[in-house]
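We count residues from 1, following the sequence as given.
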Amino acid sequence: MADSHLSPGTPTPWTEPEADPAAFTHGVHDGLGLLMAPTAALLMFGAWSSTVFAWAPASPLAAAMTATGFIAAVVLVVRSRNADRQALDLASVALLAGSLALAIATGLHLRELGKMDPLGPLTLSRIVAIVWIPTMVILPLVLLHCIRTLRAAGLPERAPSGLLRLGGFLAAAPLLVVALGVFIDPARAARWIPFEASALDLRAMASIQLAIGVGILHGVRRAAPRDLAAGLAGLITYTILVIGALVVLRSDVHADLHSTLAVGIWLALLAGVAAAGVLLHHVDRDFPEVFAAPTFEPAEDFGFYGPGSVTWKVWSYPTSLTIGFQRAVVIEELDPHLVAAVTKTHGIYDRPRTRYDRTLRYFAMVAFGDSRSTAKAADVLVRIHAKGIGLDPETGTRYDANDPDSQLWILLTGWHSILMAYERYGPGQLSAEEDAQYWAECARAAELQTCDPDQVPRSREGVRAYFEEMRPQLIGSESARAAMHHLLQAEVMLPPMSPLLRPATVVTTRILRRGTLATMPPWMREMSGLPVNPLLDAAVRPVLRAAFWAVSLNTAVQLMLLRIISPMTLPLAGPVLQGLPAQNQRTLTPRQAQAEYGFEAPSVAHADFRATQVRRVFSEGTAPQEDGILESQPILGNID
């Protein structure tokens with residue numbers, strides 16, 4: 001009773017503390033490292049390996065190739081030494097697969113070990129072989145015990161995404177197919193190897209790749225990329241050492257066309273898997289939640305469009321919230337009144353990432369959001385835009401972000417850009433019926449803005465005529481050019497990236513930039529000081545069509561990319577991409593939603609507040625109030 005205050009599991013003077021279930025595995029891994037390091041060193045001596053190793057490799061290069069596997073295994077056990085139980089389990093499974101394969105190879109080639117002549121002299125090779133044989137019997141049993149001990153104590157729970165599972169399978173499957181083929185029929189495989197190697201040499205090399213493939217498959221089945229760091233380090237080490245061995249011992253290589261091609265494909269496969277692993281690991285490190293399978297709450301209703309609408313069909317395609325959105329915000333800047341407001345607030349320069357995320361979230365709310373939330377967001381947006389007033393330095397006239405003409409320009413550039421990106425880099429042109437429905441749905445969206453829905457064109461031809469009418473009013477001013485060039489640099493809208501991810505990011509954003517430019521007519525690019533290159537315009541189209549098509553095949557990939565480029569948009573687009581039904585499967589018009597939830601039409605909403613803002617700016621010479629921005633943060637996200 002005196003010790004009743006002790007918590008469960010607290011050691012007492014008469015109880016021993018519980019042993020760490022990972023301690024035994026740590027000891028086994030340490031022992032393996034001490035055993036494999038000298039083994040690899042003996043093999044790397046090449047000419048000596050025939051007299052000091054358990055078997056005589058057919059050539060120095062064959063010995064070095066086997067040694068690379070042992071060195072990679074040493075790196076694996078060292079890197080897993082300070083990892084959690086999940087990583088230790090993964091390392092143990094990979095080592096178990098490799099040791100089992102080596103044990104089978106040992107049994108199949110027992111006579112080749114140490115020149116196993118019972119009446120022969122006791123050479124160093126025979127001594128090593130005598131140690132090797134029981135080790136190959138005992139080691140798999142010890143590793144199996146490690147795995148059972150770790151799992152009995154419990155492993156960290158993981159929920160790998162479908163993307164990680166798919167990528168791991170695509171990486172591991174060819175490795176395992178090649179390794180099994182070499183292991184089962186080394187004689188046939190020898191015809192494709194550009195150096196001398198015995199059947200035992202080839203089976204030993206195949207055992208290493210079996211370990212890699214099994215480790216990858218097991219890892220993606222129940223781990224996050226960060227848990228694969230030890231295995232990834234081993235794989236990279238193995239790839240680099242294999243290439244190094246081929247270069248250093250190139251005198252052993254007797255390359256011909258088919259063996260050079262086979263080895264080239266094999267090295268490319270290893271390097272590709274290693275590079276993909278590094279990329280996934282760094283993406284996971286920079287964005288810890290990116291590979292987690294997201295869960296979404298059903299929307300209150302289907303908003304203003306819903307399943308079966310052309311809006312959902314077009315806006316849910318990967319082109320829409322990437323090139324389509326980028327084109328929209330770039331072209332908008334040609335309106336002198338709009339760019340004057342943008343330049344005054346300086347938001348796209350001071351906080352481009354936040355501005356992009358908030359704006360894209362509102363776009364997504366209009367297309368996918370429930371009617372209540374979207375009607376409220378549109379109401380707050382009127383108050384935000386009430387701040388965007390002043391004198392346009394280019395024309396000398398007043399600008400107002402709530403002006404109906406400016407709002408119509410924003411609406412049509414957005415919907416037209418989304419559709420153009422879909423048709424150019426996506427499935428192709430809409431049918432005549434779908435096209436008419438799309439522009440009718442665009443007019444419905446106008447009810448969320450201050451413009452008159454009756455002024456929205458209802459056809460593709462009407463939209464073209466609108467842009468021709470607007471063309472004389474557009475100005476490629478210095479401010480417009482600066483804003484357009486800035487917004488075309490998609491890197492400024494992305495979160496910070498690690499140095500390893502930056503090259504891939506730069507390449508991707510440059511391709512997207514070119515894809516956006518290719519959708520802009522030459523006169524618009526010339527007005528804006530943007531490059532015109534028909535050859536690059538034509539070249540980027542098949543690249544982007546293939547890329548967007550591939551992304552569209554997998555919802556997990558789309559959600560992962562959306563989580564990176566616009567995390568605030570994910571809860572809106574996610575249920576649509578997953579086909580999650582709404583709680584109330586109805587659609588409303590914006591006017592119906594505004595009436596039901598107590599909001600005025602945007603054209604007349606907040607008249608007193610807007611008048612106050614006009615008085616402050618034009619009569620009193622003071623800055624407009626920030627009320628709208630502050631009110632919007634719970635809806636559109638923080639501005640910081």
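Judged as a side chain to side chain contact (heavy atoms under 4.5 Å, CB included), and not counting sequence neighbours, the contacts of D357 are S566, P567, M568, T569. Here E596 pairs with R586 under the salt bridge (charged side-chain N to carboxylate O under 4.0 Å, His left out) rule; sequence neighbours left out. With sequence neighbours left out, the salt bridge (charged side-chain N to carboxylate O under 4.0 Å, His left out) criterion links R514 to D537. Contacts of W523 classified as side chain to side chain contact (heavy atoms under 4.5 Å, CB included), with partners at least two apart in sequence or in another chain: R471, L474, P521, M527. The salt bridge (charged side-chain N to carboxylate O under 4.0 Å, His left out) check on E526 picks up nothing, with sequence neighbours excluded. Residues forming a side chain to side chain contact (heavy atoms under 4.5 Å, CB included) with S632 (at least two apart in sequence, or on another chain): R358, V380, I384, L636. In this structure V507 satisfies the side chain to side chain contact (heavy atoms under 4.5 Å, CB included) test together with I511, sequence neighbours excluded. With sequence neighbours excluded, the residues that form a salt bridge (charged side-chain N to carboxylate O under 4.0 Å, His left out) with E626 are K387.
Side chains of E297 and Q583 form no contact here, defined as non-hydrogen atoms less than 4.5 Å apart. The shortest distance between side-chain heavy atoms of P590 and L448 falls below 4.5 Å. Counting heavy atoms from C-beta on, the side chains of S373 and M365 come closer than 4.5 Å. A 4.5 Å side-chain heavy-atom check between V310 and E441 finds at least one atom pair inside the cut-off. In this structure, the side chains of Y466 and M470 come closer than 4.5 Å at one or more pairs of heavy atoms. Using a 4.5 Å heavy-atom cutoff, the side chains of P624 and V614 are not in contact. With a 4.5 Å cut-off on side-chain heavy atoms, L530 and L488 count as touching. Side-chain contact between Q489 and T509 is absent, with no heavy atoms from C-beta onward closer than 4.5 Å.
Shown here for F368 and L572, the closest heavy-atom pair between the two residues is CB-O, 3.7 Å. Of all non-hydrogen atoms in G426 and Y317, the two that sit nearest each other are CA-CE2, 3.5 Å. Counting all heavy atoms, side chain and backbone alike, Q558 lies closest to P318 at OE1-CG, 4.0 Å. Across R610 and P602, no two heavy atoms sit closer than the pair NH1-O, 3.4 Å. A605 and E600 get closest at one heavy-atom pair: CA-OE1, 3.5 Å. Heavy atoms only, all atoms of each residue included: L559 and G574 are closest at CD2-CA, 3.7 Å.
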| message | Determine whether S309 and T311 satisfy the following criterion, side chain to side chain donor-acceptor pair (under 3.5 Å), listing intermediate values before the conclusion. | response | CA-CA 5 Å; S309 66; T311 297; 4.9 Å; no
| field | Steps toward salt bridge (Lys or Arg N to Asp or Glu O under 4.0 Å) verdict (E333, R481) | value | CA-CA 8 Å; E333 307 302 327; R481 292 186 175 204; over 6 Å; no
| Which is it for D301 and S371 under the side chain to side chain donor-acceptor pair (under 3.5 Å) test, yes or no, and what are the steps along the way? | CA-CA 7 Å; D301 57 35; S371 59; 2.6 Å; yes
| task | Give the C-alpha distance, both sets of side-chain angles, the deciding distance and a yes or no for side chain to side chain donor-acceptor pair (under 3.5 Å) between H337 and T397. | result | CA-CA 9 Å; H337 284 184; T397 58; 2.9 Å; yes
| query | Would V314 and I418 satisfy side chain to side chain contact (heavy atoms under 4.5 Å, CB included), going step by step from the backbone distance to the final call? | reply | CA-CA 8 Å; V314 173; I418 295 290; 3.8 Å; yes
| request: Run the numbers on Q449 and L408 for side chain to side chain contact (heavy atoms under 4.5 Å, CB included), then give the verdict. | output: CA-CA 8 Å; Q449 298 178 224; L408 182 61; over 6 Å; no
| request: Could you walk me through whether R327 and T519 pass side chain to side chain donor-acceptor pair (under 3.5 Å), step by step? | output: CA-CA 8 Å; R327 183 186 191 275; T519 64; 2.9 Å; yes
| request: Please step through side chain to side chain contact (heavy atoms under 4.5 Å, CB included) for the pair T450 and D403, ending with a clear verdict. | output: CA-CA 7 Å; T450 59; D403 179 74; over 6 Å; no
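Judged as a salt bridge (charged side-chain N to carboxylate O under 4.0 Å, His left out), not a single pair has a partner in residues 552-576 (not counting sequence neighbours). Applying the ring-ring contact (aromatic ring centres under 6.0 Å, His included) test to pairs two or more places apart or on separate chains, those with a residue in residues 434-456 are W415-Y438. Residue pairs meeting the ring-ring contact (aromatic ring centres under 6.0 Å, His included) criterion with at least one partner in residues 569-618, sequence neighbours excluded, do not occur; the list is empty. Within the structure, ring-ring contact (aromatic ring centres under 6.0 Å, His included) pairs that include any residue of residues 394-413 comprise W409-F467 (at least two apart or interchain).
The 12-atom threshold is exceeded at CZ of R616, counting heavy atoms of other residues, nucleotides or ligands nearer than 6.0 Å. The environment of CH2 in W312 is crowded: more than 12 heavy-atom neighbours from other residues, nucleotides or ligands sit within 6.0 Å. The number of heavy-atom neighbours closer than 6.0 Å to CD of E620, taken from other residues, nucleotides and ligands shown, is above 12.
The OG atom of S479 lies 12.5 Å from the CE atom of M484; values are rounded to the nearest 0.5 Å.
Put simply, the side chain of Q326 gets close to the backbone of L487: a donor and an acceptor are under 3.5 Å apart. The backbone N or O of A401 sits less than 3.5 Å from a side-chain atom of Q407, completing a donor-acceptor pair. Within the 3.5 Å criterion, the main-chain N or O of A518 finds no donor-acceptor partner in the side chain of R541. Not a single donor-acceptor pair under 3.5 Å links the side chain of S406 to the backbone N or O of L338. Remark: the backbone N or O of L430 is paired with a side-chain donor or acceptor of E423 at under 3.5 angstrom.
In summary, of the residues considered (L391, D392, I389), a side-chain contact (heavy atoms from CB on, under 4.5 Å) with R398 occurs for L391 alone.
Residues F325 and F363 bring their aromatic ring centres within 6.0 Å. Between Y422 and W315, the gap from one ring centroid to the other reaches at least 6.0 Å.
Under the 3.5 Å distance criterion, with hydrogens and angles disregarded, a donor-acceptor pair is assigned to the side chains of R591 and Q594.
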